Structures are given as structure tokens and as C-alpha cells.
2 protein chains.
Amino acid sequence: MKQAKATAHTRLIKILKQNSLNITESRKKILQLFLEQDGALAHGDIEKRAGEKFDRVTVYRTLQTFVNKGIVHIIPTADNAIRYALCKDDCSEVGHDDHHIHFVCDNCHTTYCLDDIVTPDIRLPKGYSGRHVEMVVEGICKNCK
Amino acid sequence: MKQAKATAHTRLIKILKQNSLNITESRKKILQLFLEQDGALAHGDIEKRAGEKFDRVTVYRTLQTFVNKGIVHIIPTADNAIRYALCKDDCSEVGHDDHHIHFVCDNCHTTYCLDDIVTPDIRLPKGYSGRHVEMVVEGICKNCK
DNA sequence: ACAAAAAAAGCAACATTGTTGCAAAAGAAA
DNA sequence: TTTCTTTTGCAACAATGTTGCTTTTTTTGT
């Protein structure tokens, strides 16, 4: 128990250090939320979910930092609520490199990264050149079935 | 010239009638914007683009109505700015049925519907069932190349 | 372990975006 | 035209996101 907690804590610090970020309470707590979470988190979730309340500005700035560093990525949605999820591919300050698809449940609205499914290649019309493909599937998830 | 204008006007009215919507000035003007536009429009674009200024509430409500009726559809984005585009497939009050992909230009940020490209089928993990697939490609468009 | 320097958090004030209820105006129907 | 219904515009509000600046926390060098 104590061991597990220590390990989780170590993992947090390791991730932050790898990205040359200073170790702060906010970053640890917000990152912790992502690690113990299956799906993606919207800004609002984070503000509420955290036991103690963060300043809204801190959450915004921390998420921005995480996105810049390639720790989390943004999932595009149709409902004006940006969702963030941990990057599992090779993301860094240089650029994000997520190629998996996302799944949003119609029922519980949880957003999942389906890491094993790779976005297919697309043949674009003449004149267009693609850099990145985002794919979001809507439907019913494994828990709501 | 006069003929062309009359025709365009007729087209507007036809679309509104087909969807059993009353013919109003706001609806005509907003629909007009979509018809004379290659890409997609965000809420803000519409407020600004219109020669005369619409009340913000009117724009929100009109867009909502158009989405409900299946006249326009929402394009998911990663930047918290919902974009709307005309539906060209079989959309109605019952449900949207758009299967084309979208393209967002890194440079000019114009959003295009690539109507000729159909979203590929995806094999989902066990337990998940898909209803709709959204696909957005980011890159450089034909005009910015 | 401590002090100085650097970075991040918190606060306040503000800007933008989206929502709701209601009265006035415009459109449809007769 | 007159009545009835729908839509618009306004005002007030709520939620979300941003910026500058001060205080606190974290790092670094000793």
C-alpha cells in the first residue's frame, strides 16, 4: 500500500523530470488525475475532480504546459469542451505524434483513447497536403453496453 | 445579374421551405453566407461577416435550428471554436448522415468539407459499438500551398 | 541547510462566449 | 387587414478563458 503510493509518486516525478518541468504540487496533482483515469478529462473535470480546489488560472496554465511538452494531447470534439488525454506515443516539445483514434460514448460521454487502432491513411484531393489526422468515433462504450 | 440574384434567392427559400422553416430575414442572410462560402463558418465569423449586424442570440438560435433540421452540421475541432458547414448528404431532422472528411488548413485555418472522401470503416475493440465517425485532417490547403 | 534567483501559483480584473426570460416585431394564416 | 404564431432583440446573467502583477514555492549555488 505504502509501496504502491511511493511508486506512483515516483512515476509522477519521473514524467515531470523527463520533460524538464519543475516539480510542483499542482503539476503533480493534475498529472495524477490523468494517470488514475481511463478516459480523457475536460478542463472543468479537473477543476471539480481535484480534492482541493485549484485556481482556474493554474489549471489552464498547467494544461497548456503539458500540451506544449507533449505530456497530454487535445481531443477535438463537437461540443465545445476541449478534452485532454495522456500521450502514449512519441510526443515531445517538438511535436505531437499521436496516431490512435478516439471514442466518445453517447451515453456516459466518457472519451477514450483507443491506442491500438491506428488512423488509416487518406488520399487527399490534388493540392492538399496532410500533416496530421484526427479521428473520433461516437457510439456506445464497453461500460454502457 | 438580376436573374442570378433571383435564382439564389429562390434557392434560399427552397431550402428553408423544404425544412418547414418560416422564411425570415436572419435565416435567409445566414444561409446565404453558407451558400456563398467554400469552407466552414464559426459562430464568430457569422457575426462579423454579415454586412448588417445580427444579434448574437439570433445567430446562436438560427444555427441551432439549422443543425436540428439537418441543414448544417458541426465540425469538431481542437481549438474550442465550433465550425458549421452545409450538409450535402442526406441529413434531416431525424439525424445527420455526413460521411465525408474535413480538412483544416494550418496556414489560413479555413475548414473544408472534402465531400468526395468517405470516412473509412474502423474495427473497434470488443465491447464498443460505433454510430458515427468523424475525421479531420490538418495540413496545407490548395490555396496556401 | 541557507540565501539568492528563478519559476510557478494565486488573485483580481477583465474579455469573450454562451444562455434565459420576456417584450416587441415580423411572418403566416384566414 | 386582422389575428395568431413564430422569431427577433434586448437585458441580464452565467460560464469560460485571458492578462498583469504580487506572493509563494521551487530550484540552485554556496
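All figures in this text were calculated on a predicted structure; none of them were measured in a lab. Order of the sequence lines sets the chain letters (A, B, ...), proteins ahead of strands, with each chain counted from 1. Worth knowing before you read on, the calculation uses all heavy atoms, side chains too, and leaves out hydrogens, waters and symmetry mates.
Two residues are said to be in side-chain contact when any heavy atoms from C-beta on lie closer than 4.5 Å; I71(A) and C87(A) fail this criterion. Looking only at side-chain heavy atoms (C-beta outward), H43(A) and R83(A) stay at 4.5 Å or farther from each other. For the pair L35(B) and L86(B), the minimum side-chain heavy-atom distance is below 4.5 Å. Proximity of C108(B) to N143(B): side-chain heavy atoms (C-beta onward) are nowhere separated by under 4.5 Å.
The side chain to side chain contact (heavy atoms under 4.5 Å, CB included) test applied to A85(A) returns A40(A), H73(A), I75(A), C113(A), not counting sequence neighbours. For Q64(A), the side chain to side chain contact (heavy atoms under 4.5 Å, CB included) partners two or more places apart in sequence, or in a different chain, are N68(A). With sequence neighbours left out, D38(B) forms a salt bridge (charged side-chain N to carboxylate O under 4.0 Å, His left out) with K142(B).
The stretch residues 13-34 of chain A participates, sequence neighbours left out, in no ring-ring contact (aromatic ring centres under 6.0 Å, His included) pair at all.
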Pairs under 3.5 Å (N/O, protein and nucleotides 2-6 of chain C):
none

Could I get a table of every N or O pair under 3.5 Å where one atom is in the protein and the other is in nucleotides 28-30 of chain C?
unit_1, atom_1, unit_2, atom_2, d
dA28(C), OP1, I23(B), N, 3.2

Between the protein and nucleotides 11-13 of chain C, list the N/O to N/O atom pairs that are separated by less than 3.5 angstrom.
none

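What separates CD of E47(A) from P of dG10(C) is a distance of 12 Å, to the nearest Å. The distance between atom CD1 of I74(B) and atom P of dG18(C), rounded to the nearest whole Å, is 11 Å. Note: CZ (R27(A)) to C1' (dA8(C)) measures 6 Å, nearest angstrom. The separation between F54(A) atom CZ and dA8(C) atom P is 16 Å, rounded to whole Å. Rounded to an integer number of Å, the gap from N80(B) CG to dA15(C) C1' is 15 Å. Residue D79(B) contributes atom CG, which lies 15 Å from atom C1' of dT16(C) at whole-angstrom precision. Per the geometry, CD1 belonging to I46(A) stands 13 Å off P belonging to dA9(C), to the nearest Å. Distance H43(A) NE2 to dT16(C) C1': 15 Å, rounded to the nearest Å.
An angle of 40°, rounded to 10°, separates the two end axes of the helix from dA1(C)-dT30(D) to dA30(C)-dT1(D), each defined over five pairs.
The footprint of chain A on DNA chain D, defined by a heavy-atom cutoff below 4.0 Å, extends from dT16(D) to dT27(D).
With hydrogens and angles ignored, the 3.5 Å screen pairs no side-chain donor or acceptor of T58(A) with any backbone N or O of F54(A).
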R49(A) vs L41(A), side chain to side chain contact (heavy atoms under 4.5 Å, CB included): CA-CA, chis, key distance, verdict: CA-CA 10 Å; R49(A) 198 86 64 98; L41(A) 292 169; 3.5 Å; yes

Working for side chain to side chain contact (heavy atoms under 4.5 Å, CB included), residues Q32(A) and L12(A): CA-CA 7 Å; Q32(A) 176 72 44; L12(A) 287 178; 3.3 Å; yes

Let me have the donor-acceptor pairs involving side chains of residues 13-25 of chain B, under 3.5 Å, with sequence neighbours excluded, atom names and distances please.
unit_1, atom_1, unit_2, atom_2, d
N19(B), ND2, I15(B), O, 2.8
T24(B), OG1, R27(B), N, 3.3
E25(B), OE2, K28(B), NZ, 3.4

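N107(B) CG to K145(B) NZ: the interatomic distance, rounded to the nearest 0.5 Å, is 14.0 Å.
Residue contacts shown for S26(B) are limited to sugar-phosphate atoms, with no base heavy atom under 4.0 Å away.
Taking Ile, Leu, Val, Met, Phe, Trp and Tyr as members and joining any whose side-chain heavy atoms lie under 4.5 Å apart, directly or through other members, the hydrophobic cluster of Y112(A) also contains I101(A), F103(A), L114(A), I117(A), I122(A), L124(A), Y128(A), V133(A), M135(A), V137(A), I101(B), F103(B), Y112(B), L114(B), I117(B), I122(B), L124(B), Y128(B), V133(B), M135(B), V137(B). Here V57(A) sits alone; no ILVMFWY side chain lies under 4.5 Å from its own, so it joins no hydrophobic cluster.
Residue R131(B) places its CZ atom among more than 12 non-hydrogen atoms of other residues, nucleotides or ligands, all under 6.0 Å distant.
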